[in-house]
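Below, all heavy atoms of this structure are taken into account, side chains as well, without hydrogens, waters or symmetry copies. Fair warning: this is a prediction, and the values are worked out from it, not measured in the lab.
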Amino acid sequence: MNKKPVLLVIAHGSRDPRHAATVHALVRRVRSRRPGLRVETGFLDFNVPSVQGVLESLAAEGVRDVVALPLLLTRAFHAKADIPAVLRDAPPRLRIRQAEVLGPSPLLLQALERRLYEAGLTPADKSSTGVVLASAGSTDPEAIAVIADIAREWWHTGWCAVRPAFASAALPRTEDAVRDLRSLGCSKIAVAPYVLAPGFLPDRIARGATEADVLADVLGPAPEVARVLLERYDAARTPILTAVGA
């Protein structure tokens, strides 16, 4: 019987200690959902262990198969360039498959709504509330288009309106989207950060939400996010197991 590939969660890293703490909390939730799965965490920058260090340790232990999962919500530069470059430098004995990024996913919309309800909204508020879907931002047009698509999809679930906003690299900013929704006549305005962990850009989103009625927390270790991680792992591990069993 083949051992399950190790799941290596690859996070960006941050000087803000809240970032790594949130990543570790999410990984703990993933482990609790699947006790038989080995889950490791590596960071691209600022935090330890590094992705390269984890890969070298796994190879030294005799591990063969790894699913590398980018802890990212969109396929932007890190997913397309940084992470593949790091994985190419991994010890040659490792067989590594890069999983897809987490978004988009209906489960992430559920997690966003969970955070909004935790912040004080109720399902009865939905039709009268405008929501700012506030993401970190990117210079990658594909990533920006995905955020706009998610906003449209989420609006169709019953919100008064949903507007995308970006903390960097693209417009509008959170505060501008809040004012836009206010001008539409929505009774309440809520800001939903479409980010995984606290840090510099999420703090900028929060500052832009001062005129909103509700500011939700980051997605963090929401149970729906943990489920998405395991879905991406399962989808990526199947080709590995097929090759191993061939």
Apply side-chain contact (heavy atoms from CB on, under 4.5 Å) to Asp125 and Leu116, showing your working. CA-CA 11 Å; Asp125 295 319; Leu116 286 172; over 6 Å; no

The remaining residues in the hydrophobic cluster of Leu181, counting side-chain heavy-atom contacts under 4.5 Å among Ile, Leu, Val, Met, Phe, Trp and Tyr, are Val132, Val178, Leu184, Ile189, Val191, Val195, Ile205, Leu215, Val218

So which atom in His19 and which in Ala197 form the shortest heavy-atom distance, rounded to 0.1 Å? ND1-CB, 3.7 Å

Hydrophobic cluster membership, with links at side-chain heavy-atom distances under 4.5 Å among I/L/V/M/F/W/Y: are Trp155 and Val214 in one? yes

Check whether any side-chain heavy atom of Thr210 lies under 4.5 Å from a side-chain heavy atom of Glu175, and answer yes or no. no

In terms of hydrophobic clustering (I, L, V, M, F, W, Y; side-chain heavy atoms under 4.5 Å; direct or indirect links), are Phe46 and Leu196 co-clustered? no

Intermediate values then yes/no, salt bridge (charged side-chain N to carboxylate O under 4.0 Å, His left out), Asp217 and Arg114: CA-CA 10 Å; Asp217 199 358; Arg114 171 189 292 275; over 6 Å; no

Near Arg15 CZ, under 6.0 Å, is it more than 12 heavy atoms from other residues, nucleotides or ligands? no

When rounded to the nearest 0.5 angstrom, what distance separates CZ in Arg38 from NZ in Lys3? 9.5 Å

Looking only at non-hydrogen atoms, find the nearest pair between Tyr117 and Thr122 and report the distance. CE2-C, 3.6 Å

Throw together a table of side-chain donor-acceptor distances under 3.5 angstrom for residues 159-166, partners on residues two or more places apart or in other chains.
| unit_1 | atom_1 | unit_2 | atom_2 | d |
| --- | --- | --- | --- | --- |
| Trp159 | NE1 | Glu113 | OE2 | 3.3 |
| Arg163 | NE | Asp180 | OD2 | 2.8 |

Does Ile150 form a side-chain contact (heavy atoms from CB on, under 4.5 Å) with Leu109? I'd like the steps, not just the answer. CA-CA 8 Å; Ile150 293 170; Leu109 291 182; 3.7 Å; yes

Would you say Leu201 and Leu71 are hydrophobically clustered, going by side-chain heavy atoms of ILVMFWY under 4.5 Å? no

Straight-line distance of Asp65 CG to Ile96 CD1, nearest 0.5 Å: 10.0 Å

